[in-house]
Each structure stands twice: as C-alpha cells, then as structure tokens.
Chemist: 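Below is the structure I would like to discuss, written out as structure tokens.
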Amino acid sequence: MLKSTTIILFFVLTFAVEGFAQDYNKFAGIPFGATRQTVAEELLKRGYEPYGQSSHGNMGLSTYQFGELLVQIEFLFNQNDKFYAFEIRTGRVEEERLPKVFEAVSYMSEQFDLKYKKHASDATLTEKDLHEGRNIYEQWYGVRALDAYTSIIKTDSRYFAIGNVTHRALAKEKKDESGEKTSAAPVF
C-alpha cells in the first residue's frame, strides 16, 4: 500500500512540476516550438497584425503593450520553422533621453523577474559603462532550457532597451531533412 501511494504521489508531483515549468516556455500563451503558422494565428486571434509572415525569416509586431511599455516584439524561428526565441525592443532615443532607456530596461527586468524568478546578479550597468553594441543589464539562469537577459543597445549614438529569451535546444535544433512537415505541437 505504501509503495503504490509513493508511486502515485511521485507521478502527481512530476506532472505538477512539469506543468509549472511549461509556463516558462511561452510568450503570451504561445509555446516555444510552435510553427510559424501557429504563431501567426495566435497573434491574429489576439488582435495583432504581424509583419514578416513569409516562410523564412522572423515575424514581428510593430506595437505591443508590454505592461506599461509600448514595444516591438520579434519572434525568431529556427531552420525547421519553429518558434525558438523572442526579443522585446523599445524605440531608439538620443543620448539626452538615456534615463528613459534605463527606466525601460529596469521595468523589463522586473517583468522577467516575475516570470523567470530572481536574476543572476544585481544590475550594475551605468551610463558611463555603455559601449557601442549590446550592454547586458541582467541575466536569468533559473530556467534550465532558456537563456534570458535584458540589455541596453548603443548604436550610432542612439539607445534602446531589449529583453531576449531563447530556448537553447530549439535554437540548436538540426534541420529536418526528412521532408516531412514538422508537427505544430510544442517539442516539450
């Protein structure tokens, strides 16, 4: 009796943990591993008009309300046309509006904390530390399957904040050469 109860408890806990973990593997209800068509359909259901819906390349939303921020979203697809990453971007601003970029990246980081739990270390990035290109603000290591970070990008004396989440296994997935159509079901 005790053995069967232990086994049942094990399965219940396994499914509960699996269900909780899968919540990390989505953006706005769209699971990583979904096909391009599924992502486009889900966005249209939510009232968004995605751009870049061709069979190759990325798909994006020019305006998306990310809590208090109005941002752009870019959905990235791997060689098998599966959704493997997303990037959230603010608009570009001149140097005199740089404090607004720090506010935006801080807000994104708070939202990532709510979704992915505590970040790896406290942000120490200041205006003096910014260099051309990507400047990491915070990173999250708490979710095994994902790489997540927020950063400030400096390009041509203009600045913007980004948040990026990448599903590592899907990003490295080899191209399906079998000629079979890939499943619309998530890989996890």
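Here the structure is a predicted model, which is why all the values come from computation and not from measurement. Scope of the values below: all heavy atoms of this structure, side chains included, with no hydrogens, waters or symmetry mates.
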Chemist: Ignoring hydrogens and angles, state whether a donor on the side chain of E138 or T150 is under 3.5 Å from an acceptor on the partner side chain.
Modeler: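 Side chains of E138 and T150: no pair found under 3.5 Å.
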
Chemist: For Y64, what residues pass the ring-ring contact (aromatic ring centres under 6.0 Å, His included) criterion, not counting sequence neighbours?
Modeler: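 ring-ring contact (aromatic ring centres under 6.0 Å, His included) check on Y64 returns F27, Y48.
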
Chemist: Going by ring-ring contact (aromatic ring centres under 6.0 Å, His included), name the residues that satisfy it together with F83, two or more places apart in sequence or in a different chain.
Modeler: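 For F83 the ring-ring contact (aromatic ring centres under 6.0 Å, His included) partners, ignoring immediate neighbours, are F32, F75.
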
Chemist: Going by distance alone, is a donor N or O of one side chain under 3.5 Å from an acceptor N or O of the other, for E74 and Y51?
Modeler: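 On atom types as modelled, these side chains qualify, holding a pair under 3.5 Å.
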
Chemist: When you check the side-chain N and O atoms of T35 and T38, is any donor under 3.5 Å from an acceptor?
Modeler: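 Result is yes, a qualifying pair exists.
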
Chemist: Taking the basic N atoms (NZ, or NE/NH1/NH2) and the acidic carboxylate oxygens, is any pair closer than 4.0 Å for K45 and E41?
Modeler: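 The answer is no: the pair does not qualify as a salt bridge.
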
Chemist: Examine the side chains of D113 and W140 and answer whether a donor and an acceptor come within less than 3.5 Å of each other.
Modeler: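 Yes, side-chain donor-acceptor contact under 3.5 Å.
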
Chemist: Examine the side chains of R134 and Y149 and answer whether a donor and an acceptor come within less than 3.5 Å of each other.
Modeler: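 Distance-only check passes for R134 and Y149.
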
Chemist: Could you walk me through whether K100 and E103 pass the salt bridge (charged side-chain N to carboxylate O under 4.0 Å, His left out) test, one step at a time?
Modeler: CA-CA 5 Å; K100 290 291 184 189; E103 287 176 25; 3.7 Å; yes

Chemist: Side chains of I30 and F86, heavy atoms from C-beta outward: is any pair under 4.5 Å?
Modeler: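 Sidechains of F86 and I30: no contact.
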
Chemist: Hey, are R89 and E87 close enough for a salt bridge, meaning a charged N less than 4.0 Å from a carboxylate O?
Modeler: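 Looking at R89 and E87, the cut-off is met.
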
Chemist: Mind checking the CG-CD spacing from N78 to E173? Nearest 0.5 Å is all I need.
Modeler: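 The CG atom of N78 sits 5.0 Å away from the CD atom of E173.
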
Chemist: Using the side-chain contact (heavy atoms from CB on, under 4.5 Å) criterion, which residues pair with T124? Sequence neighbours excluded.
Modeler: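 T124 satisfies side-chain contact (heavy atoms from CB on, under 4.5 Å) with no other residue.
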
